[in-house]
**Student:** 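Below is a structure I'd like to ask you about.
All values below were derived from every heavy atom in this structure, side-chain atoms included, with hydrogens, water molecules and symmetry-related copies excluded.
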Amino acid sequence: MCGIIGIVSRQEVNQLLFDGLTVLQHRGQDAAGIVTCDNGRLFLRKDNGLVRDVFHTRHMMRLRGNMGVGHVRYPTAGCSSSAEAQPFYVNSPFGITLAHNGNLTNAGQLKEELFRDDLRHINTDSDSEVLLNVFAHELQACGKLTIGEGDVFDAVAGVHRRCQGAYAVVAMITGYGIVGFRDPYGIRPVVFGRRENGAGTEWIIASESVAVDSLGFERVRDIAPGEAVFIDLDGKLHARQCAENPSYAPCIFEHVYFARPDSFIDEISVYKSRLRMGDMLARKIRRVFPEHDIDVVIPIPDTSRTTALQLSYKLDVKYREGFIKNRYIGRTFIMPGQKQRKKSVRQKLNAINLEFRGKNVLLVDDSIVRGTTSKQIIQMARDAGAKKVYFASAAPPVRYPNVYGIDMPSVNELIGHNRDELQISQAIGADWLVYQDLEDLILAVGKGNPDIARFDTSCFDGNYITGGVTRDYLARLEQQRSDDAKAQCHADDDIVIELYNAK
């Protein structure tokens, strides 16, 4: 999962991009990058780390220009490497820089085509560099020395014809402007907004509306599936549908876990979606455990708070904050290795014993992926004196890997794979466990926008809406995403560091 932002302004955009990436930091904590354009020259800074650590005053002073693109990243497959930090750059045609959120499922095939047919070299293992070169080749195919918005839209249409998978993109074309576009299913989110100043109109494109709001822009709307918007240097917006058969199917896991609650995605309030998840979950608990003896509902910070609060209200059970979070520890779900993940849980959370002692506690989390974190937290609750520990997940069991830009692990590392709810409950050490039903989750999110007929729910039901997700593809993905593979990556990194330090 990543966060993207692009701004065309009448003033320097370096601080706006920095602030926007900080707001989007929850979408990626592995690497960050900004590129700006000033009088036809590009200025780039990117590296591994948080936004605040990558950009210092000396870097910000060099990021000159009234137009720019930014990115925050965590790796969706393979190793964490500063070589794969975005934005990516290609010099021909015109000089294009691109930031991408999502994952191409046919990146391997495209890489071969780019080398064999388009005579383009790909320098990293990132599918984002593949997507950039596909876009660049399609734009170059127009054969013009100067281009207009129609040429840009034709290039995006070419991307849609060739690329499979999920992608929300912002790309800056040197000397022309910024284009934002979205895959034909609208799997990954992207929104644009505007604001007026004395010199004219300024525009922003970002992954979530919270970045638009926080920078003082007015949210206009989401980019539609298959649509592209192009903002030229004069601040004029152009929009066109570039896909032949677009169809809304946004990722439902954005509402479960990734997006900030103060965001709107496809006109759906993430906050209200999570409230409705609490309604649905409470209804199921009343149905499945009508004689429950829950004394207190406690959320596992932070994403589950909204759901847990609404659930407690519907069950007429006390809501309490039982865990205090260390906000300087990253999100365990997106940490690269199992050892690091295990170590981080007790560093991240500390129990308030008096909220657990002698009570039957219902812990509420947004989802259960590997189950390792859930197991440790349940044990923390018991160590704090809880008599019984129940567990509720605002999402259904995660049984399949996500191929559209979320680094869910290999299928054998998913605790929900080939286990029923009783077996999962026993594995994590809960007295009982209740999952949200998939139909209820779809209803909870979909109620915010009845025009969306379906969602991408592939990690719950294995239905990959873009097609082309074969057993061979999933097997290759498993090799890249397993904790063993990531452990080898970190071992290789350690060797490189040792060699570097020995020089």
**Student:** According to salt bridge (charged side-chain N to carboxylate O under 4.0 Å, His left out), does anything in residues 86-101 pair up with another residue at least two apart or in another chain? List the pairs.
**Tutor:**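 Matches after skipping sequence neighbours: none remain.
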**Student:** Given 3.5 Å as the limit, does a donor-acceptor pair link the side chain of Ser214 with the main chain of Ala211, or not?
**Tutor:**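 Judged by distance alone, yes, a pair lies under 3.5 Å.
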**Student:** Is it true that the side chains of Gln347 and Asn326 contain a donor and an acceptor less than 3.5 Å apart?
**Tutor:**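 Judged by distance alone, the side chains do not pair up.
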**Student:** Could you tell me whether the side chain of Glu129 and the main chain of Asn123 form a donor-acceptor pair under 3.5 Å?
**Tutor:**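 Flag set: sc Glu129 to bb Asn123 pair under 3.5 Å.
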**Student:** Please confirm whether the backbone N or O of Tyr167 pairs with a side-chain atom of Asp183, one donor and one acceptor, at under 3.5 Å?
**Tutor:**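 Between the backbone of Tyr167 and the side chain of Asp183 there is a qualifying donor-acceptor contact (under 3.5 Å).
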**Student:** Within the side chain of Asp366, is there an N or O that forms a donor-acceptor pair under 3.5 Å with the backbone of Ala394?
**Tutor:**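 No, Asp366 side chain to Ala394 backbone: no donor-acceptor pair under 3.5 Å.
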**Student:** Is His71 reaching over with its side chain to a backbone N or O of His100, donor-acceptor style, under 3.5 angstrom?
**Tutor:**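 Looks like yes, one N/O pair under 3.5 Å.
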**Student:** Please check if the side chain of Ser458 supplies one atom and the backbone of Tyr464 the other of a donor-acceptor pair under 3.5 Å.
**Tutor:**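 Such a contact is absent between Ser458 side chain and Tyr464 backbone.
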**Student:** Show me the pairs that pass salt bridge (charged side-chain N to carboxylate O under 4.0 Å, His left out) and involve residues 243-253, at least two apart or across chains.
**Tutor:**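 Passing the test, one end in residues 243-253: no pairs.
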**Student:** Can you name the ring-ring contact (aromatic ring centres under 6.0 Å, His included) partners of Phe230, sequence neighbours left out?
**Tutor:**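 Testing Phe230 for ring-ring contact (aromatic ring centres under 6.0 Å, His included), a comparison that skips the adjacent residues, returns none.
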**Student:** Does the side chain of Thr466 pick up a donor-acceptor pair with the side chain of Tyr404 at under 3.5 Å?
**Tutor:**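 Side-chain D/A pair, Thr466 to Tyr404: present.
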**Student:** Going by side-chain hydrogen bond (donor to acceptor under 3.5 Å, both in side chains), name the residues that satisfy it together with Glu267, two or more places apart in sequence or in a different chain.
**Tutor:**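 side-chain hydrogen bond (donor to acceptor under 3.5 Å, both in side chains) list for Glu267, sorted by chain: Arg219.
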**Student:** I'd like to check the salt bridge (Lys or Arg N to Asp or Glu O under 4.0 Å) partners of Glu321; sequence neighbours left out, ordered by chain and number.
**Tutor:**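 Expected list: Arg305.
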**Student:** Decide, yes or no, whether a salt bridge links Glu196 with Arg194 under the criterion of side-chain N to carboxylate O below 4.0 Å.
**Tutor:**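 Salt bridge: yes.
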**Student:** Given Thr97, which partner from the list Leu132, Ile178, Val35, Val90 fulfils the side-chain contact (heavy atoms from CB on, under 4.5 Å) test?
**Tutor:**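 Going through Leu132, Ile178, Val35, Val90 one by one, the side-chain contact (heavy atoms from CB on, under 4.5 Å) with Thr97 is satisfied by Val35 alone.
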**Student:** Pairs in or reaching into residues 91-100: which pass salt bridge (charged side-chain N to carboxylate O under 4.0 Å, His left out), with residues at least two apart or in two chains?
**Tutor:**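 Matches after skipping sequence neighbours: none remain.
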**Student:** Got a sec, which residues hit side chain to side chain contact (heavy atoms under 4.5 Å, CB included) with Leu215, two or more places apart in sequence or on another chain?
**Tutor:**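 By the side chain to side chain contact (heavy atoms under 4.5 Å, CB included) rule, Leu215 matches Ile5, Ile7, Leu16, Asp19, Ile204, Phe217.
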**Student:** Do the side chain of His160 and the main chain of Gly226 share a donor and acceptor less than 3.5 angstrom apart?
**Tutor:**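 Yes, the answer is positive, given that a donor and an acceptor are paired below the 3.5 Å cut-off.
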**Student:** So that I can tick it off, tell me whether Arg240 and Asp154 are bridged by a salt bridge, with the cut-off set at under 4.0 angstrom between side-chain N and carboxylate O.
**Tutor:**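 Yes, this pair counts.
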**Student:** Ignoring hydrogens and angles, tell me if any N or O in the side chain of Arg73 forms a donor-acceptor pair with the backbone of Ala31 under 3.5 Å.
**Tutor:**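 Answer holds: no.
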**Student:** Partners of Phe264 by ring-ring contact (aromatic ring centres under 6.0 Å, His included), sequence neighbours excluded?
**Tutor:**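 Phe264 satisfies ring-ring contact (aromatic ring centres under 6.0 Å, His included) with no residue once adjacent residues are dropped.
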**Student:** Could you please spell out the steps behind the side-chain contact (heavy atoms from CB on, under 4.5 Å) verdict for Val445 and Phe455?
**Tutor:** CA-CA 9 Å; Val445 179; Phe455 291 87; 3.7 Å; yes
**Student:** When the side chains of residues 58-65 are checked against the rest of the protein, which donor-acceptor pairs come out under 3.5 Å, sequence neighbours left out?
**Tutor:**
unit_1, atom_1, unit_2, atom_2, d
Arg58, NH1, His56, ND1, 3.3
His59, ND1, Val54, O, 3.2
His59, ND1, His56, N, 2.9

**Student:** Could you tell me which residues satisfy side-chain hydrogen bond (donor to acceptor under 3.5 Å, both in side chains) with Glu208, sequence neighbours excluded, listed by chain and number?
**Tutor:**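 Applying side-chain hydrogen bond (donor to acceptor under 3.5 Å, both in side chains) to Glu208 gives His26, Arg27, Ser263.
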**Student:** Provide the full list of side-chain hydrogen bond (donor to acceptor under 3.5 Å, both in side chains) pairs with a residue in residues 133-142, sequence neighbours left out, each pair given once.
**Tutor:**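 Only Ser92-Gln140, Asp118-His137, Arg120-Asn133, Arg120-Gln140, Glu138-Arg162 qualify under side-chain hydrogen bond (donor to acceptor under 3.5 Å, both in side chains).
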**Student:** Give every residue pair that meets the salt bridge (charged side-chain N to carboxylate O under 4.0 Å, His left out) criterion with at least one member in residues 447-465, sequence neighbours excluded.
**Tutor:**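 Matches after skipping sequence neighbours: none remain.
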